[in-house]
There are 2 protein chains.
Amino acid sequence: MFSRACEYSIRATILIATHSMVGERVSLKDIARKTDSPLAFTGKVLQQLVKGGIVTSVQGVNGGFEIGQKQMEETRLSQIVAAIDGEQIFRACGLGLQACNAKKPCPLHDKFASIRNDLKTMLEGTSILDLSTGLKDGLTFLQR
Amino acid sequence: MFSRACEYSIRATILIATHSMVGERVSLKDIARKTDSPLAFTGKVLQQLVKGGIVTSVQGVNGGFEIGQKQMEETRLSQIVAAIDGEQIFRACGLGLQACNAKKPCPLHDKFASIRNDLKTMLEGTSILDLSTGLKDGLTFLQR
DNA sequence: TTAAACTCGGATAAATTTGTCCTGTTTAAA
DNA sequence: TTTAAACAGGACAAATTTATCCGAGTTTAA
Ligand code: SF4
Ligand code: SF4
């Protein structure tokens with residue numbers, strides 16, 4: 001569904017948010033450990049998120065990653081996915097035709113577009129905060 | 001969403017079905033041309049479908065691929081996807097955790113599992129025949 | 001001033017997916 | 001019996017994704 005890079009970036013962002021809630025920063029090292037992700041690779045995708053304005057990084061001692069209260073309320077999961085995997089997933093044809101076009105539909109169009117749209121709606125309706133509260137309260141998990 | 005190999009295999013199967021409806025076989029050459037797919041690679045994935053019992057191949061002059069009337073009615077899109085991409089897509093965690101487990105859910109669990117289930121239901125409820133009639137009648141397309 | 005704890009970013013490597021090539025085998029018809 | 005049209009399948013190549021390595025820059029505190 002999502003690329004590995006995208007999965008890592010979502011897990012990382014959620015973790016960052018739970019720490020930002022209590023005024024802490026998280027280091028890449030901790031992110032990698034607590035989300036069970038490869039450190040250096042996760043560093044790369046986090047840089048993309050920083051450039052995309054989704055999370056903030058602070059260099060130096062006591063540095064790390066953080067996300068503002070407002071950011072975590074307003075940023076949608078769809079933005080993370082778009083920042084890493086691109087908009088493709090929201091628009092692509094289920095059968096791989098060059099462009100999705102309801103005027104000249106592929107055989108799967110109606111059924112596929114419906115689900116793709118549900119996915120889009122879900123991702124656009126879910127904020128980082130939504131995902132982070134459950135983790136903070138110990139109801140959900142980032143590793144298993 | 002689906003791998004390229006899977007997209008090719010679905011397009012190929014639908015095309016094969018439209019020909020089988022009128023008692024014809026289709027050659028790999030024609031499949032590649034009419035579905036805008038790389039010939040040799042499509043040949044590979046078709047071999048997987050043959051092994052999976054989804055389509056039948058006939059060697060020699062006037063050979064090609066075909067699919068029985070009953071097969072196209074009974075075979076579900078989910079079976080093609082499973083044959084090429086595996087069952088992963090129906091079971092995998094949206095955030096990439098090792099196994100999907102509602103008892104120890106990832107933060108996206110509820111919302112993701114719902115959509116993943118809709119997708120599964122859709123794929124299981126769609127037969128090759130369903131997809132092929134529209135193409136045969138010129139209402140849907142396999143290239144653009 | 002120095003050391004330590006951090007992020008940043010380029011280069012490179014490994015793994016996977018996608019794609020091609022070439023040879024062999026089967027089959028029908030000439 | 002020969003020939004040509006077709007699938008089968010192994011070996012290899014290209015492209016993409018995933019992952020690692022390492023040196024450089026930044027910041028705080030001792
Ligand atoms: S059918 Fe769905 S997937 Fe295929 S082209 Fe139309 S919208 Fe895209
Ligand atoms: S939340 Fe959804 S995706 Fe994550 S583990 Fe549970 S079922 Fe799988």
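A, B, ... follow the sequence lines: proteins, then strands. Residue 1 opens every chain. These numbers were taken from a predicted model, which means no experiment stands behind them.
Protein chain A contacts DNA chain D over a range whose 5' and 3' limits, counting nucleotides with an atom under 4.0 angstrom from a non-hydrogen atom, are dT18(D) to dT28(D).
Counted by atom type alone, K111(B) and T126(A) present one or more donor-acceptor pairs between their side chains at under 3.5 Å. Under the 3.5 Å distance criterion, with hydrogens and angles disregarded, no donor-acceptor pair is assigned to the side chains of N117(A) and S114(A). Side-chain polar atoms of T121(A) and D118(A) form no donor-acceptor pair below 3.5 angstrom.
Using a 4.0 Å cut-off between charged nitrogen and carboxylate oxygen, R25(A) and E66(A) count as a salt-bridge pair.
Residue D85(B) contributes atom CG, which lies 13 Å from atom C1' of dT18(C) at whole-angstrom precision.
Linking ILVMFWY residues whenever their side-chain heavy atoms come closer than 4.5 Å, directly or via other members, places V50(B) and I67(B) in the same cluster.
Every residue meeting the side-chain contact (heavy atoms from CB on, under 4.5 Å) condition with Q143(B), not counting sequence neighbours, appears here in chain and number order: D36(B). Applying the side-chain contact (heavy atoms from CB on, under 4.5 Å) test to L39(A) and every residue at least two apart in sequence or in another chain returns L28(A), K29(A), A32(A).
In this structure, S37(B) contributes its side chain and T35(B) its backbone to a donor-acceptor pair below 3.5 Å. Remark: side-chain polar atoms of R76(B) are paired, donor with acceptor, to backbone N or O of E74(B) under 3.5 angstrom. At least one donor-acceptor pair closer than 3.5 Å links the side chain of T18(B) to the backbone N or O of L15(B). Judged purely by atom type and a 3.5 angstrom limit, S20(B) has no side-chain atom pairing as donor or acceptor with the backbone of A17(B).
Taking the six-membered ring for Trp and thresholds of 30 and 60 degrees, F41(A) and Y8(A) have ring planes more than 60 degrees apart, a perpendicular arrangement.
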Heavy atoms under 4.0 Å is the rule here; annotate nucleotides 4-11 of chain C 5' to 3' with B where the base is hit, S where only the sugar-phosphate is, and - elsewhere. BBBBBBBB

Restricting both atoms to N or O, compile the protein contacts to nucleotides 12-16 of chain C shorter than 3.5 Å, with distance only.
none

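Using five terminal pairs a side, the axes of the helix from dT1(C)-dA30(D) to dA30(C)-dT1(D) at its two ends make an angle of 10°, given in steps of 10 degrees.
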